[in-house]
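Shown next, in structure tokens, is the structure this report addresses.
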2 protein chains.
Amino acid sequence: MLVYRPSIGLKGSTFIMASIKDVASLAGVHRSTVSRIINGEGQFRSDTKRKVEQAMAELNYRPSAIARSLATASSNMTGLLVTYYTGGFFGAMMDQVQAELDLHNKFLITAQGHHSAEGEREAIRRFHALRCEGYVLNSRHLSDNELRELAQEPTPFVLLDRTVEGLESRCITFDHTQAGVMAVNHLLGQGHKKIACISGPLNRTNSRQRFQGYVNALAEAGIAFDPSLCAEGNYGRESGYVAAQQIYQAHPEITALFSCSEEMTGGALQFFHENKVAVPQQVSLISFDSIDLCASFYPTVSAVHFPISDMARLAVEVLISQIKHEEIELNRQFEPQLRIRNGDCCLSLGEG
Amino acid sequence: MLVYRPSIGLKGSTFIMASIKDVASLAGVHRSTVSRIINGEGQFRSDTKRKVEQAMAELNYRPSAIARSLATASSNMTGLLVTYYTGGFFGAMMDQVQAELDLHNKFLITAQGHHSAEGEREAIRRFHALRCEGYVLNSRHLSDNELRELAQEPTPFVLLDRTVEGLESRCITFDHTQAGVMAVNHLLGQGHKKIACISGPLNRTNSRQRFQGYVNALAEAGIAFDPSLCAEGNYGRESGYVAAQQIYQAHPEITALFSCSEEMTGGALQFFHENKVAVPQQVSLISFDSIDLCASFYPTVSAVHFPISDMARLAVEVLISQIKHEEIELNRQFEPQLRIRNGDCCLSLGEG
DNA sequence: GTGAAAGCGCTAACAG
DNA sequence: CTGTTAGCGCTTTCAC
């Protein structure tokens with residue numbers, strides 16, 4: 001049942017959701033009594049309770065989270081900033097974030113940064129406007145300094161997959177360099193010496209680190225770094241295709257390739273397939289992955305796993321502890337793990 | 001700069017975001033003047049404006065969307081219900097929904113239905129609690145009747161990819177049956193006669209329709225329907241693998257396969273690769289797709305395109321027109337389109 | 001156990 | 001052009 005209200009200050013007349021007042025007057029009690037019953041605070045005569053519940057049911061009453069927010073000065077909302085919604089990567093993050101928030105009965109507000117600092121700022125403005133109690137940032141374009149400044153403001157936030165000096169307790173981190181090393185070491189362990197690399201955009205810290213892992217691993221193995229064995233992609237599928245093409249045409253003698261994202265790996269695979277380059281017999285692949293796309297390629301591709309889902313989950317835990325001012329002790333550092341798949345070339349190449 | 005307030009009713013003391021009152025008193029004007037300036041209503045002496053803007057800047061003032069909602073009785077929020085966040089499909093929808101909402105300066109609230117009617121109801125409750133002005137439902141588990149009842153309530157909503165009698169103006173639809181027919185006709189046109197089908201879960205309307213398209217197309221071509229050429233998957237990758245296996249082992253003589261989802265197609269391809277079944281030379285494939293996964297398989301796979309992104313975009317347009325009570329005339333019906341890819345087997349099989 | 005009253009931050013008539 | 005007043009729907013002291 002709906003409440004009809006002659007419009008006050010509104011053009012025409014409208015049906016509006018029942019308010020606590022409507023419930024109160026229908027039940028013949030005061031608003032505050034209804035409020036207490038809803039929130040289960042204190043005790044009430046059982047018939048009062050019954051009357052109120054009946055009135056709520058009859059009016060199909062739903063407390064307004066907005067009014068409640070205003071009255072309690074807590075919005076119960078949490079923000080999540082990501083770069084883009086598309087692609088599956090974000091969905092994985094969001095899934096975990098929502099699951100954790102559901103446990104705490106909090107609302108989720110999402111926003112996209114669209115690959116620009118201004119986009120990310122805009123998203124944060126939105127969180128502030130909504131008076132989010134806190135937010136999780138998967139920020140790639142705000143400077144360390146800007147983030148440190150932001151940390152001066154009262155709203156808590158957590159940085160997902162980022163390291164900022166001075167904000168350690170807010171950072172959920174992953175060692176991309178070490179992950180790169182592990183990936184390349186896996187290839188080295190198989191005897192590969194001519195190892196190419198498709199990196200992500202080198203203006204991004206994490207991409208640079210992954211690439212650095214490649215460089216470090218080669219150095220440790222005493223293999224000279226050859227820049228012509230490397231190409232820079234943008235993490236997208238197409239760029240992986242182009243990069244593989246560029247590298248392979250210049251160096252058909254490569255026996256292995258390290259690709260810094262699963263999408264680029266897909267592109268590279270396509271290039272190899274189209275050009276009858278046998279994977280992994282002729283060229284072995286290792287990739288980064290986070291949503292296990294590499295398990296669905298043909299052949300399946302081994303990868304160092306970037307556990308964005310787990311990290312997202314933890315980010316929310318940390319954030320909530322900050323909102324509650326309970327400083328919990330949690331390991332905010334995630335370690336890379338190798339996921340060997342059967343498309344891996346397990347033969348040892350010897351000195352070849 | 002933050003405002004310090006001795007706590008009133010709160011334990012301890014807290015730093016709180018500046019309110020319109022703080023701005024007003026710092027600028028030496030009344031709250032309502034500040035409000036007008038923020039909203040650009042009417043005109044003001046330039047020095048008043050300057051003082052106020054300066055005060056806002058100094059206090060780092062951000063109007064509270066929540067308080068505003070309460071005062072204007074419009075939350076500016078829009079809900080979006082999907083089944084799951086993971087998998088990329090949802091990201092594509094959300095991307096378009098957000099883009100359209102951004103144009104209208106509205107907030108987006110998302111929720112997952114988790115494959116149950118109760119989950120979907122819970123999501124809608126959340127939208128109501130937040131006083132969303134409207135919401136888009138990609139509902140798969142609420143009955144037509146329940147939706148019709150929901151339509152009695154004052155909050156407008158739009159159904160994405162669903163047809164409910166009596167709610168036509170709220171439905172953004174796609175002809176899954178026709179799409180299925182087109183897919184199979186494409187194979188028939190190539191001369192295939194032994195065509196297998198991996199359907200989605202047959203308890204879902206849309207899956208059933210896609211499958212029906214397969215049945216209809218065969219019937220029209222005068223080819224007898226053989227249930228042992230069909231297997232039911234759950235739209236997931238794994239199920240595609242299993243289904244392909246089941247069908248192929250029983251019927252290695254098939255020359256073509258219609259897969260009702262892109263993920264299942266990926267699974268089927270993996271089975272074929274592992275078992276040295278050449279695609280498309282030995283078995284031609286056609287698939288449904290919506291986020292163009294089929295373009296990234298090897299070989300690429302032709303598909304009937306289910307334009308969920310465009311549909312999502314339109315859903316928001318329709319919703320907003322309903323919120324504004326402007327009944328716009330829009331075609332809410334989307335047509336399937338074939339996307340032929342070069343992995344397609346273009347040879348004619350003749351009578352074989 | 002329940003009512004009265006004030007207030008959350010903002011907007012919207014109505015004066016002047 | 002700007003101040004006054006009331007009110008959005010709810011919670012939260014404080015009385016009784």
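All figures in this text were calculated on a predicted structure; none of them were measured in a lab. Each chain gets a letter, A, B and so on, in the order the sequences are listed, and its residues count up from 1.
Side-chain contact between A:Ile109 and B:Ile109 is present, with at least one heavy-atom pair separated by less than 4.5 Å.
A distance-only check finds no donor-acceptor pair linking the side chain of A:Ser35 to the backbone of A:Arg31 [under 3.5 Å]. Under the 3.5 Å distance criterion, the side-chain polar atoms of B:Glu120 are matched with a main-chain donor or acceptor of B:Leu142. Of the possible donor and acceptor atoms, none in the side chain of A:Arg140 sits under 3.5 Å from a partner among the backbone N and O of A:Arg204.
Atoms CE (B:Met56) and P (C:dC10) sit 11 Å apart, rounded to a whole Å. B:Asn39 places its CG atom 13 Å from the P atom of C:dA13, with the value rounded to the nearest Å. Taking atom CZ of A:Phe44 as the reference point, atom C1' of C:dG3 lies 15 Å away to the nearest angstrom. Between B:Asp22 atom CG and C:dC10 atom C1' there is a gap of 13 Å when expressed in whole angstrom units. As rounded to whole Å, 14 Å separates atom P of C:dC10 from atom CD1 of A:Ile66. Taking atom CZ of B:Arg131 as the reference point, atom P of D:dC10 lies 6 Å away to the nearest angstrom. Taking atom CD of residue A:Glu41 and atom P of nucleotide D:dT13, one finds them 9 Å apart after rounding to whole Å. Separating the CD1 atom of A:Ile37 from the P atom of D:dT11 is a distance of 12 Å, rounded to the nearest angstrom.
Across all strands, B:Thr48 comes closer than 4.0 Å only to sugar-phosphate atoms, never to a base (heavy-atom distances).
Comparing C:dT11, C:dG9, C:dG3 by their nearest atom to the side chain of A:Val29 picks out C:dG3. For B:Arg45, whose side chain is taken as the heavy atoms from C-beta onward, the closest listed nucleotide among C:dC10, D:dT2, D:dC10 is D:dT2.
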Side-chain donor/acceptor pairs under 3.5 Å, residues 86-98 of chain A, sequence neighbours excluded:
| unit_1 | atom_1 | unit_2 | atom_2 | d |
| --- | --- | --- | --- | --- |
| A:Gln96 | OE1 | A:Arg313 | NH1 | 3.1 |
| A:Gln98 | OE1 | B:Arg126 | NH1 | 3.2 |
| A:Gln98 | NE2 | B:Tyr85 | OH | 2.5 |

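Relative ring orientation between B:His115 and B:Tyr84 is described as perpendicular, the plane-to-plane angle rising above 60° on a 0-90° scale split at 30° and 60°.
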task: Could you please spell out the steps behind the side-chain hydrogen bond (donor to acceptor under 3.5 Å, both in side chains) verdict for B:His30 and B:Ser32?
output: CA-CA 5 Å; B:His30 195 254; B:Ser32 50; 2.9 Å; yes
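The residue among B:Leu70 and B:Lys49 whose nearest nucleotide of DNA chain D lies closer to the 5′ end is B:Lys49.
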Short heteroatom pairs, N/O only, protein and nucleotides 4-7 of chain D, under 3.5 Å:
| unit_1 | atom_1 | unit_2 | atom_2 | d |
| --- | --- | --- | --- | --- |
| D:dT4 | O4 | B:Ser32 | OG | 3.4 |
| D:dA6 | N6 | B:Arg31 | NH2 | 3.3 |

